[in-house]
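Worksheet: the structure to be examined is printed underneath.
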Amino acid sequence: MKFHQSICPRNCYDTCSIISTTHKGVLISVEGNPHHEYTSGKLCPKALDDVKKVYSPQRIRYPMRQRGRYSGFWERISWDEALTLIAEKILSLKETYGSSLPLALNKYSGNFGVLHNAMEGLFTGIGATTRTVGSPCWSAGVEAQTYDFGTFFCSDPLDMAKANLIWLWGVNPAWTAVHQMPIIFDAIDGGAKVVCFDTHFSATAARAHRYVQVRPGTDGLLALGFAKVLLEENLIDSNLSSYTLGHEEFFHYLENEISLDNCSEITGVSISTIRELALEYGKTHPACIWAGFGLQRYTNGGQTLRAIDALGALAGHLGEQGGGVQYAQFQTWRFSGAIQNPAHPFNISSNTDHPSIDSLTQNQKQTDRLLNINRFSEEALSCTDPPVKILWISGRNPLSQDGNLQQWKKLINQLDLIVVNDLFHSKSSEAADLFLPITTHYEHWDLNAGYWHYWVGVNEPAILPIGESRSDIQIAWDVSSKLNELEPGSCIFPTSGDEKETLLRELGPQMLDILGLKKPEEILKAPVRANFPSTAWENRIFATPSGRYEFFSSQASNARLSPLPIFVPPLNPSIDAPLRLLTPHHYSTINSQVYASGADNSDYVLHLAPELAQRHNLAVGDRAQIWNKSGLLEVVIQPLLGISADTVIIFQEQVEANSPLNCLIGTPLTDMGQLILGAPGFALNETFVNLRKL
Amino acid sequence: MGDWEWPLILFTVLGQIAIGIIVMLWWLDRDRDHLDTQLFKQGVYVSGGLLILALLASLFHLGHPEVAYRALAHLGSSWLSREILLFLLTFLAWINLFWLSRRQTSSHPIGADAATITTAEIAAEGQQSGNRSLGLGITSVLGLLGIASSAMIYVLPRVPAWNNVGPVLFFLLTTGLLGALVTLVLGRKLLHPTQKKLLLQCSLGCTIASLLFYVIYASMLSASMEGATSLNFLLSSPLFWARALLGWFAPLLLLVSMLKNSQVAKTNLILTLTLFSVLGEVLGRALFYLSATGIQITALF
Amino acid sequence: MVKQLGFVLDVNRCLGCGACAKACQNRNQLAPSLVRRKIRKIEKFSKDHIEMFYLSTACNHCGNPECLRVCPSGAYAKRRDGIVLHLSEKCTGCKSCVASCPFGAPLINPQTNKASKCQLCYERLDRGMPPFCVQACLTGALRLKELKDIPDNKLLRLTAPAPSLRLTRPSVFYKPPRATKVSGFLFPK
C-alpha cells in the first residue's frame, strides 16, 4: 500500500486535500487529508466516487475521431495521427489567413490545476489566437467587491466559527461547500444563530434557525432595506468616518430612495421581519454574511453584492473577527504564470479566464482576439476577419452549459475542426471531430489553490495514466512538438518537459512569500496555508484607491456605473414566459461534471411551489413542459417548500435527456465584470419560461 | 410488496395437502374398520408423493440448497428450523406408514370368503389396524405441528399483515379443506356415502371458516398503514378476485348444492370442486406472499 | 462486561449528503443492489416552521435482533460489544432474515445468493478505526457510541407505526430535530 497526496481540482469552494491509496499501482481508495485543517479528513460524496470515476468503463482511453459530427461513430486513432491532424490544420489555416486568429480556445474550470493553463500557453505559443475572456461564474461579485474593498478577499473560512450571527445569503453549503457546515455547526454549538436567505428552502436552510424567502434578484434591495433600518435605529458603526468613504452619500441615498414598504413589497419579506433581522444584525457582534455566487447571476448582480457589502460595513462588521462579508478570494493564486506565458520577444499574453488579474496587459488585448466566454458563440460568429475555423474545448462543456444553443449550432457548422479534451464524452464532444483523452488528477502532477480557504498544495500522481490518456500539459507539449516538426519555429511553447519541474516554476518569489516558503520544493511535503491573517481586512485598511471601504466608488463611476450601491430591478418576466427558472447546483454534480455511477435519470425534475402546481393542476410525478423562445424541455413535477409561486427550479442533475437544460437559456449579462475580468458575467438566473401540463 | 414465491407456494400448499390427507385418513379410521385398506394405501402413497414434491420445492427457496441441513441448526428460536425438523419427522412417520401399508392385507378382499378368515387373522388384522391408526395419528400430529411451525415463520412484527393468528389459521384451514377434498377424490369409489358426506361437510366448514376469518383479517389489516397497503393491493388485484371466486364462492355453491341434493357421489362434481379449491388456495397463497408489506420507518418519537 | 455499540445521529448536523452511504458502498465494494445504508428525508411543516431532516440508517445492531431469532442456520451472532454479525459461512440463503428485519438491513447478495448486511466494519473497529460511514461523515452527525454510557433521556429512538418493533431494541438513537422558523410572504399556507 502506498499513500499519495492528491488535491481535488473541481471548481468548488472546498478544494480538498486528498490522501489516495494505491496497491500494486491500482488506486484503491481516496480519503480526506486529516492534517489539512479545512478538509479535516473528510470528502464530499462527489469525491468519494473518484475511484469509480478513474476506472469507469465510460472513460475514454484512446484518442478518437468522429466520422461525422453527432454521428456517434467514433474510431480509435493513434496519438500521432491525432496530433498530425491538429498541427496540419493549424498550419494550413495560418497559411490561408496569414494569422493564427482562426484558432480559438474555449477553456475554463473543468480542472482548476495550474498545469492546465498549459492550454493557454500552447495557444500563446502559436501566436495571436481567439480566446475567451471573463467568467461564467463570479464576475459581477468579484467586481463589486473590488469596488468596495479594492480587491475581493475573504476571511479564512474557519473564522466563521467565531461568529455569533451567521447570515447565509444565496449560498447552499450543505450541497456545494460541505466542509463549511461543521464550522457553522461549531458556531451554533457556541451559541450562534444562523439565518438563511434563499429563493427556496434548501438543505442549508433546513439546518439554519431561520429561513427567509427572498424573491429572486431582489436581495440587493433587501440589504438596502436592512441598511435603512440600521440608519433609523442608529445602529451604525460610530467609526465609519475613519475607514470608509462616502457613507454620507450612502445615508442620503437610503433616506431618500429606499422605503421599507417598497422594499417589503418587492422582496417579499415583511416589514416586521426586515426590522427584526436588521436589529439583530446591527446589535450582534461578530456577525458574518456569506454571500453566495447565485446572488450575482442577475443583471443587477454586482449591485446586489455591493449593497450587501455596504450593509456589512454600515453595521461595523468588516474586519471583525468572525464577521465580515465573505464572498471568495483569489489572493492565493499569485502563481508566476510561466506556463501560460512562454517567453517570446513579440508576444506577451496571459491566462485570460481565471486570471492573475494584473496580467491582463494592453499588449494581449491587441494581439489575442478576446471573446466574452458567456457569449462565445455569438461573438465567434461575428468574427469575420479572419473567421474562427478551429475550436479547441478544454475543461469545459459549453454545449451543456452555455446559453444560446442556436448560435452554437451555427458556429459548429462554420468550423473546420473541433477538438475536445476530456475524460468522458459530453454534450460538447457530440459535436467534436477529435476527442483527446486526458488524465485525472490521480494520474498527473499539478498545483492547486482554493478560492475560499487559504491552502495551496501539490497534487502528485498516484497511478500511471489510464489507457493512452495524457495530461493537458503533455498534450500541449506534444502539439507544440508536432507543429515544430512540421514547421520549425511555428510554436514557441516548450515541446517537452517535466510536470513536477514545471509546477515548481509556478511558485515565484511572490507565491513563496505568501506561503512562507524558502524554496519551491518545500511545498512537495504537504499543502501549505498562505500566511494571511484569519480575518479579512482586520486593520480596516483597504485596497481601494482611497485605502478606505468605498460606499462611494469613483472606479465604479468611471465604469459608468452608479458610484453608490443602488437597487436596480432584475429583469421582469413577460406574459409569454411568466416564470423565472433557476438552475442551481445539485449535490451530486458540479455543472455537467458528473461521473456516471449508475444514476440514470431520464427526466429533469421541475421544483415549484405547491400552489403553482395546483394552479396548473399538476401533482408529484406529472409530466409537464416548460418552454420559451430559446427552447422547450419536458419535465417531471416535484413540489418544493418555501419557493415563491413565480419561480421554478431545476437542479443541475445528471439527466439522459435529448434536449439539454441550457436549451432554455439565452445570454443575459451581469451589470459588472468588464473592468476586472474583461467581460461581464452570465446572468443565468434571468431565464424565464412558460409551463404547461402534458 | 412481496414477490412470486413459487417454491414457497408449492411447498406450503403441497405439504398441507399431503398432511391433510393423512389427517383425514386418521379421522376416517377412528372407529377401526371404517377405513378401506385400499384407500389407506392410495392415501399414503399420494400423500408421500406430494410430501416429497413439497420438500423438493422448498429446496429451491434456498440460495444454497446443497447445505440445506444447516437450516436445522437453530431450533432454539427459529421457527424455520423447527418447521424443517417437524417436516422431516413427519416424513419419517410417513415412511413407517408406507411400511405398514405394504404389509397391510386388504380388510375386505374382493371375492374372498369371509368365513375363511381365522381368529388369528382377525387378531392380526386388529393389531395391524391399531398400528395403522397409531401411525396415522403420529404422522398427523407431527404434520400439523409442522404446518403450525410453517405458519409461525410468518408471524413477524415487521409485517403487520402476518403478525397475527392469520397465518396459522389459514394454513390449517387449507390443510383441512384440501386434505378432505383430495381424500374424497381418492376415495370416490371406496368411501361410504356417509364418509363422503362427512368429508364434504368438513370442506364446507373449512371454506366458510376461511371466508369468515378472511373478512375479520381484512378488517384487522386496515388498522395499520402497512396492513392497509396490503389490503389495497389485494382488493385491487384481479388475482384476489379470481381467488375469491375459485376458492370461496364457487366451492361454496357447489358444496351447498351437493350436500342439499345429496349428490355426494357425483365424481365430476367432486373433481371440479377439488380443482377450484386447489387453484383458489394456490392463488391465495401466492397473494399471501405478494401482499406482504414491511413496515417503513418514517419518524422519530 | 457486555456492551452495546450503536449509532447516534445528530439530525441537526446531518446534511443528507450521503457521504456515509457512499463510503459504505465504495469502501466495502458492494454491488449496486446491496445498499447497506439508506438516507430518508423527513419533512413536516406548520404555519411558520419547517422541520426537514434526514435519517441515515443501516443495520441497527438490535439488542434483541429478529434476524438472529429467525435464522434457521445460526448464521447470526451477537458479539460482546453488541455488534450483530452475519456469518456468511453458515448462511443457506433462506431469506428469513430479509423478511423479518423491520429495518430492511439484511439483503441477498446477488453474487453469493446469501444474505449480507452491515457488520459495523468490525475488523476496522478491532483495529481501533471507526466504521467507514462514521469516518466519512463530514459534520460529525453520525457517531458510533457505547450506548450504555449515554443518558437516554436526551435521545430519541427510531420508530415506526407498530409498537411491536420496539421489541427488537434497535441500537440507534437520534438527537431531537430543531425546526427552522420561516418567513417570506409567498410561503404556502
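In what follows, every chain begins at residue 1, and chains take the letters A, B, ... in the order their sequences are listed. Everything numeric here is computed off the predicted structure, so don't read it as measured data.
Contact annotation for residues 84-98 of chain C against chain B (heavy-atom separation below 4.5 Å, listed by residue number): C:Glu89, C:Lys90, C:Cys91, C:Thr92, C:Gly93, C:Cys94, C:Lys95, C:Ser96, C:Val98. Using a 4.5 Å heavy-atom cut-off against chain C, no residue of residues 11-20 of chain B qualifies as contacting. Within residues 136-149 of chain B, no residue has any heavy atom closer than 4.5 Å to a heavy atom of chain C.
Tested against C:Ser56 for a side chain to side chain donor-acceptor pair (under 3.5 Å), the candidates C:Arg40, C:Arg37, C:Lys38 yield a single pass: C:Arg37.
Heavy-atom distances place the backbone of B:Leu72, and not its side chain, under 4.5 Å from chain C.
Side-chain atoms of C:Arg124 come within 3.5 Å of backbone atoms of C:Pro130 as a donor-acceptor pair (strictly under, hydrogens ignored). Here the side chain of B:Ser222 pairs a donor or acceptor atom with the backbone of B:Ser219 at under 3.5 angstrom.
Of the residues considered (C:Ala115, C:Gly74, C:Ala75), C:Gly74 shows the highest number of contacts with chain B, using heavy-atom pairs under 4.5 Å. Options B:Ala71, B:Gly76, B:Ala73 differ in how many heavy-atom pairs under 4.5 Å they form with chain C, and the most are formed by B:Ala71. Top candidate by heavy-atom pairs under 4.5 Å with chain C, chosen from B:Leu80, B:Leu75, B:Val67, is B:Leu80.
C:Phe173 does not carry C:Arg143 over the face of its six-membered ring by the limits of under 6.0 Å from the centre and within 45° of the normal.
The line from CG of B:Leu177 to CG of B:Leu181 is 5.0 Å long, rounded to the nearest 0.5 Å.
Other residues, nucleotides and ligands place more than 12 heavy atoms under 6.0 Å from the CZ atom of B:Phe170. Other residues, nucleotides and ligands contribute over 12 non-hydrogen atoms within 6.0 Å of the CD atom of B:Glu66.
Residues B:Ser81 and C:Pro72 share a closest heavy-atom pair of OG-O, 2.7 Å.
A distance below 6.0 Å separates the ring centres of B:Trp162 and B:Phe288. Taking the centre of each ring, B:Tyr154 and B:Tyr289 come in below the 6.0 Å mark. Aromatic ring centres of B:Phe240 and B:Phe233: separated by at least 6.0 Å.
Remark: the C:Ser100 side chain and the C:Arg69 side chain contain no N/O donor-acceptor pair separated by less than 3.5 Å.
Judged as a side chain to side chain donor-acceptor pair (under 3.5 Å), and not counting sequence neighbours, C:Gln119 has no contacts.
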**Study point:** Test side-chain contact (heavy atoms from CB on, under 4.5 Å) applied to B:Leu59 and B:Leu55, step by step
**Key:** CA-CA 7 Å; B:Leu59 288 177; B:Leu55 288 171; over 6 Å; no
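Residues B:Glu281 and B:Arg243 are paired through a salt bridge, judged by an N-O separation under 4.0 Å between the basic side chain and the carboxylate.
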